[in-house]
Visitor: 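Below: one structure in structure tokens.
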Amino acid sequence: MAATTVWQPLNDGLTEICTLLEQQISPSSAVDKSQIWKQLQHFSQIPDFNNYLVFILVRAEGKSIEIRQAAGLLLKNNLKGAYPSMSQENQKYIKSELLPCLGAVDRNIRTTVGTIISVIVNIEEGSGWPELLPALVTCLDSNDLNHMDGAMDALSKICEDIPHVLDSEVPGLAERPINVFLPRLYQFFQSPHASLRKLALGCVNQYVIIMPAALYNSLDKYLQGLFLLANDPVAEVRKLVCAAFVHLTEVLPSSIEPHLRNVMEYMLQVNKDPDEEVALEACEFWSAYCDAQLPSENLKELLPRLIPVLLSNMAYADDDESLLDAEEDESQPDRNQDLKPRFHTSRLHGSEDFDDDDDDSFNVWNLRKCSAAAIDVLSNVFGDEILPALMPLIQAKLSTSGDEAWKEREAAVLTLGAIAEGCFNVQVDQYASALVLQIVAFLLPLLDDKFPLIRSISCWTLSRFGKYLIQEGGNPKGYEQFEKVLMGLLRRLLDSNKRVQEAACSAFATVEEDAAEELVPHLGVILQHLMCAFGKYQRRNLRIVYDAIGTLADSVREELNKPAYLEILMPPLVAKWQQLSNSDKDLFPLLECFTSISQALGVGFAPFAQPVFQRCMDIIQLQHMAKVDPASAGAQYDREFIVCSLDLLSGLAEGLGSGIESLVSQTNLRDLLLNCCMDEAPDVRQSAFALMGDLARVFPAYLQPRLIEFLQVASQQLSTNLIGENLSVANNACWAIGELAVKVRQEVSPIVTNVVSALALILQHAEAVNKSLVENSAITLGRLAWIRPDLVAPHMEHFMKPWCLALAMVRDDLEKEDAFRGLCAVVKVNPSGGVSSLVFICKAIASWHEIRSEDVNSEVSQVLNGYKQMLGNSWAECWSALDPPVKERLARYQV
């Protein structure tokens with residue numbers, strides 16, 4: 001039999017590919033890179049092209065390292081897509097060429113080889129390459145630095161990308177690979193070579209999160225290794241030691257409990273490390289410690305030494321990028337890169353059970369921010385107990401004078417803002433109340449400090465104390481201070497420094513949310529300042545003004561609907577509205593702002609409604625054209641235009657009520673809306689169903705001609721894959737079906753059975769979806785049951801218990817009344833279907849504080865008394881299973 005021939009490249013092909021790679025990495029602008037890329041992509045179709053690339057990487061020693069590395073990186077990218085469909089011979093050839101190169105003399109070649117190996121292991125899930133693990137072990141045991149480094153580099157990439165592969169059974173191996181590698185990795189903790197210590201520790205750290213048995217059983221060895229490396233001369237190793245302790249604290253706090261004092265002392269020491277990245281990693285420990293609920297006494301003892309360290313790390317570092325643009329004057333135009341991408345949140349109906357924390361404007365995580373976050377967490381754990389250790393330090397920093405000490409003063413103000421929530425969030429006693437007034441009195445003059453970053457941080461910190469001043473409503477001093485904060489922030493809105501403008505405007509929006517109707521007496525002066533800022537701000541900060549105007553409208557609602565206020569507010573906004581084109585992204589925040597204003601003004605928005613409505617229609621139509629043919633539309637498709645316009649139309653419907661009729665009657669909104677309800681983008685569908693529901697409430701006749709289509713499309717959303725954004729779409733679709741059902745009554749019949757079975761599934765798996773969808777499902781199910789009890793009652797046994805559990809969580813309102821009409825209706829049709837869930841029916845009824853509707857109250861009474869009669873002696877058994885508070889609530893029904 002002839003021996004199998006090993007693949008060999010053709011010289012011409014080799015030369016051609018090397019030339020292309022050389023041109024691709026050439027810095028010369030004369031070379032057309034896109035043309036070269038096309039040629040390389042064309043070559044990728046040739047079956048043995050990847051063999052050429054591995055040959056160049058591994059064997060083309062006459063070529064520059066850069067060309068060989070470029071071949072390796074192209075090979076890596078190709079394998080990600082093409083590897084599974086390659087012939088076995090070519091796969092085998094590539095793997096056989098890579099392994100001997102693990103110990104290549106040049107480190108760039110070794111690391112490229114390591115990257116490609118991890119890509120192949122990822123694709124094969126570790127099972128198709130029996131030669132790899134023995135080769136890695138041989139290199140690790142070789143004592144040759146290049147071989148050890150190459151193997152360790154490949155191993156670290158496998159551990160990072162696919163750690164579970166080493167903790168799996170491998171055919172032909174007596175034990176899991178991790179059992180072979182872990183002892184060797186621990187040995188490398190003691191290597192004289194920093195690169196090996198770093199890679200070994202990095203590998204083991206990847207396993208803390210998944211904690212395989214091999215690591216769990218050798219934790220003592222791991223901890224010994226960490227203590228050994230704790231004072232390593234190399235900063236990157238110390239950083240990994242800190243990361244290891246943070247991960248262990250998060251994942252398995254019991255593992256460090258026996259060594260807690262030593263670990264805490266170490267973390268305190270490295271929190272002052274001269275290398276900022278090490279200090280940052282150590283600083284993460286304090287928040288992790290508090291989250292892990294480890295003994296707080298240990299931490300309390302450490303506070304007098306920890307707090308000064310955190311405070312000194314809160315001062316701006318000299319190279320902090322925030323310092324660079326802190327001096328930026330309003331006369332300097334915004335650059336495009338200053339405009340952060342903005343994200344519009346589609347309209348959602350129901351309980352908003354998601355965090356909507358705006359990150360601060362400069363969101364590079366650094367030691368300053370991490371230290372502030374740690375102080376914030378500590379203040380939440382210890383409350384005002386940290387004040388004795390903290391206040392003298394803050395006072396000392398604040399009393400430093402001289403320009404050179406401004407960063408110390410700024411850090412002190414940041415600290416006060418960081419503790420505002422935790423230290424004063426309890427019922428403010430007299431001491432805390434006096435301290436709040438004292439702090440605010442101290443901060444107010446800093447709004448006029450010569451340093452812009454002190455003015456801006458003072459805005460933020462004052463906004464964090466605003467709510468305590470409002471709580472002090474009965475205290476004339478508190479109210480006087482609140483007015484001073486309000487006026488101080490308004491003054492800073494008109495600062496000439498862009499950073500201060502931004503901070504003041506954001507801080508003012510926070511105060512608006514906290515103060516709500518307390519703002520009403522000051523509306524005139526607030527609007528004058530906001531509109532003055534609106535006139536002078538550049539594009540980036542203008543977005544924040546829109547937000548502040550929208551928040552003001554949300555906070556004071558119909559109080560804004562006064563001619564004097566509208567004369568200040570509307571003309572500048574309308575002028576800007578007319579100035580921007582339909583494809584200008586600066587329209588987004590303005591559309592959002594108008595949405596809040598239209599909802600707040602209600603019918604008062606009518607004089608402005610026609611042009612706003614028409615503009616939204618034009619924008620949606622333009623985007624539908626741009627989606628099909630951007631050239632003839634003269635605009636690039638961007639679905640955010642559609643989402644913002646749909647949300648503004650919803651705001652108009654909510655604000656104008658039945659007054660929307662004159663706007664929509666003669667338009668094609670119905671067809672546009674149905675189109676949007678079927679869009680492939682979840683956020684477009686989410687906003688479309690919100691508008692469908694809002695129109696159903698105020699002008700259902702408009703949807704009538706295509707009613708069944710709207711209902712069918714909405715019902716399809718309830719059985720799609722209910723994860724991520726689809727949850728919010730399903731939520732709005734569910735709400736819209738319910739709103740439409742109560743208006744068109746029997747006409748929903750064709751979809752009732754399908755919708756009820758989808759809602760029953762959602763309620764049966766309530767833990768897998770969000771609170772809002774569960775509540776809307778319970779209400780819509782009730783509305784459909786009220787309208788067609790004959791269709792719903794036969795299936796009630798399947799969903800009665802989860803339905804009642806969900807109804808018990810819904811707050812008392814008209815929607816809940818509708819749902820209980822449905823509950824009573826199905827019980828009347830099929831009383832035996834509710835017997836097995838009777839305890840839950842009773843709990844749902846007891847969830848009402850008061851049923852205001854007399855007819856619902858009497859129906860509920862009939863249901864309870866009906867069951868009492870029907871069950872006879874068994875009623876006592878059901879009654880005894882109820883908790884005392886439930887019995888107390890039900891006593892009013894004489895059962």
Side-chain angles (χ1 to χ4, degrees), residues 346-350 553-554 557-558 560-561 591-592 594-617 619-620 642-677 685-711 713-714 731-748 751 776 779-780 782-784 786-787 813-819 821 853:
S346 298
R347 198 174 172 87
L348 186 77
H349 277 279
D554 294 338
R557 305 294 296 178
E558 62 283 349
L560 199 54
N561 193 12
L591 287 163
E592 288 172 356
F594 268 139
T595 304
S596 292
I597 293 171
S598 65
Q599 287 166 293
L601 295 183
V603 290
F605 194 74
F608 314 100
Q610 175 55 45
V612 169
F613 174 81
Q614 196 48 55
R615 184 78 180 269
C616 290
M617 295 289 291
I619 290 169
I620 295 171
I642 299 180
V643 172
C644 288
S645 299
L646 289 169
D647 287 350
L648 178 44
L649 291 173
S650 275
L652 285 175
E654 190 182 315
L656 299 173
S658 57
I660 194 92
E661 189 173 328
S662 58
L663 290 178
V664 304
S665 295
Q666 303 304 311
T667 69
N668 67 334
L669 173 61
R670 185 171 41 234
D671 303 333
L672 280 179
L673 179 57
L674 189 56
N675 204 322
C676 292
C677 287
R685 296 201 305 281
Q686 182 180 330
S687 290
F689 288 115
L691 177 54
M692 172 183 151
D694 281 318
L695 287 172
R697 291 174 97 166
V698 297
F699 188 23
Y702 182 67
L703 301 176
Q704 200 83 35
R706 304 194 72 173
L707 178 68
I708 291 301
E709 290 169 272
F710 274 112
L711 287 168
V713 173
N731 177 74
N732 284 3
C734 175
W735 172 79
I737 292 169
E739 290 297 335
L740 206 44
V742 291
K743 288 297 200 301
V744 302
R745 313 290 304 172
Q746 301 298 321
E747 291 177 65
V748 297
I751 57 116
N776 275 319
I779 290 162
T780 296
R783 286 172 155 177
L784 296 175
W786 174 31
I787 292 155
D813 60 11
L814 295 172
E815 293 184 344
K816 185 168 177 172
E817 283 182 7
D818 286 352
R821 286 188 173 95
S853 157

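These values consider heavy atoms only, across backbone and side chains, with no hydrogens, waters or symmetry-generated copies. These numbers were taken from a predicted model, which means no experiment stands behind them.
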Visitor: Who pairs with Lys816 by salt bridge (charged side-chain N to carboxylate O under 4.0 Å, His left out), at least two apart in sequence or on another chain?
Guide: Asp812

Visitor: Look up atom CD1 in Ile620 and atom CZ in Arg615, then write down how far apart they are to the nearest 0.5 Å.
Guide: 12.5 Å

Visitor: Do Leu673 and Leu646 make a side-chain contact, defined as non-hydrogen atoms from C-beta onward lying under 4.5 Å apart?
Guide: yes

Visitor: So, using side chain to side chain donor-acceptor pair (under 3.5 Å) as the criterion, who are the partners of Gln704 when residues are at least two apart?
Guide: Glu747

Visitor: Hey, what do you get for CZ (Phe710) to CG (Leu695), rounding to the nearest 0.5 Å?
Guide: 8.0 Å

Visitor: Mind checking what makes salt bridge (charged side-chain N to carboxylate O under 4.0 Å, His left out) contact with Arg706, not counting sequence neighbours?
Guide: Asp671, Glu709

Visitor: Looking at side-chain heavy atoms only, is the closest gap between Phe613 and Val664 below 4.5 Å?
Guide: yes

Visitor: Report the C-alpha separation of Leu707 and Leu740 in whole Å, then their side-chain angles, then the decisive distance to 0.1 Å, and conclude whether the side chain to side chain contact (heavy atoms under 4.5 Å, CB included) test is met.
Guide: CA-CA 9 Å; Leu707 178 68; Leu740 206 44; 3.5 Å; yes

Visitor: How long is the gap from CZ on Arg685 to SG on Cys677, to the nearest 0.5 Å?
Guide: 9.5 Å

Visitor: Rounded to the nearest 0.5 Å, what separation is found between the OG atom of Ser662 and the CD atom of Gln610?
Guide: 7.5 Å

Visitor: Please report the interatomic distance OG(Ser853) to CG(Asp818), rounded to the nearest 0.5 Å.
Guide: 9.5 Å

Visitor: Looking at side-chain heavy atoms only, is the closest gap between Leu560 and Leu601 below 4.5 Å?
Guide: yes

Visitor: On a heavy-atom basis, which atom in Val698 and which in Ala653 lie closest, and how many Å separate them?
Guide: CG1-O, 3.8 Å

Visitor: Hey, is the main chain of Glu654 close enough, under 3.5 Å, to the side chain of Asp694 for a donor-acceptor pair?
Guide: no

Visitor: Which heavy-atom pair separates Ala714 from Ala733 by the least distance, and what is that distance?
Guide: O-CB, 3.6 Å

Visitor: Let me see the working for Leu656 and Leu663 under side chain to side chain contact (heavy atoms under 4.5 Å, CB included), right down to the final yes or no.
Guide: CA-CA 10 Å; Leu656 299 173; Leu663 290 178; 3.7 Å; yes

Visitor: Is there side-chain contact between Ser650 and Thr595, with heavy atoms separated by less than 4.5 Å?
Guide: no

Visitor: How about Glu817 and Leu814: do any of their side-chain heavy atoms sit closer than 4.5 Å?
Guide: yes

Visitor: Taking all non-hydrogen atoms of both residues into account, name the closest pair between Ala696 and Lys743 and its distance.
Guide: O-CG, 3.3 Å

Visitor: Can you tell if the side chain of Ser665 reaches within under 4.5 Å of the side chain of Tyr702, non-hydrogen atoms only?
Guide: no

Visitor: Out of the candidates Ile751, Asn732, Val748, only one should pair with Ile737 under the side-chain contact (heavy atoms from CB on, under 4.5 Å) rule; please name it.
Guide: Ile751

Visitor: Going through the distances and angles, do Asp647 and Leu591 end up as a side chain to side chain contact (heavy atoms under 4.5 Å, CB included)?
Guide: CA-CA 8 Å; Asp647 287 350; Leu591 287 163; over 6 Å; no

Visitor: If we only count heavy atoms from C-beta on, is the Leu669 to Leu649 side-chain gap below 4.5 Å?
Guide: yes

Visitor: Using modelled atom types and a 3.5 Å cut-off, is there a donor and acceptor pairing between side-chain atoms of Ser598 and backbone atoms of Gly655?
Guide: no

Visitor: Using side chain to side chain donor-acceptor pair (under 3.5 Å) as the criterion, list what pairs up with Ser596, not counting sequence neighbours.
Guide: Asp554

Visitor: List the atom of Met617, the atom of Leu672, and the distance in Å for their closest heavy-atom pair.
Guide: CE-CD1, 3.7 Å

Visitor: Which pair of heavy atoms, one from Ala600 and one from Ala553, lies closest together, and at what distance?
Guide: CB-O, 3.4 Å

Visitor: Can you list everything that forms a side chain to side chain donor-acceptor pair (under 3.5 Å) with Arg670? Sequence neighbours excluded, please.
Guide: none

Visitor: So do Val612 and Phe605 actually touch side chain to side chain, heavy atoms under 4.5 Å?
Guide: yes

Visitor: Just to verify, what does Glu739 make a side chain to side chain donor-acceptor pair (under 3.5 Å) with, not counting sequence neighbours?
Guide: Trp735, Arg783

Visitor: Quick one: SG on Cys616 to CG on Leu652, what's the gap to the nearest 0.5 Å?
Guide: 6.5 Å

Visitor: More than 12 foreign heavy atoms under 6.0 Å from CD of Gln746: is that the case here?
Guide: yes

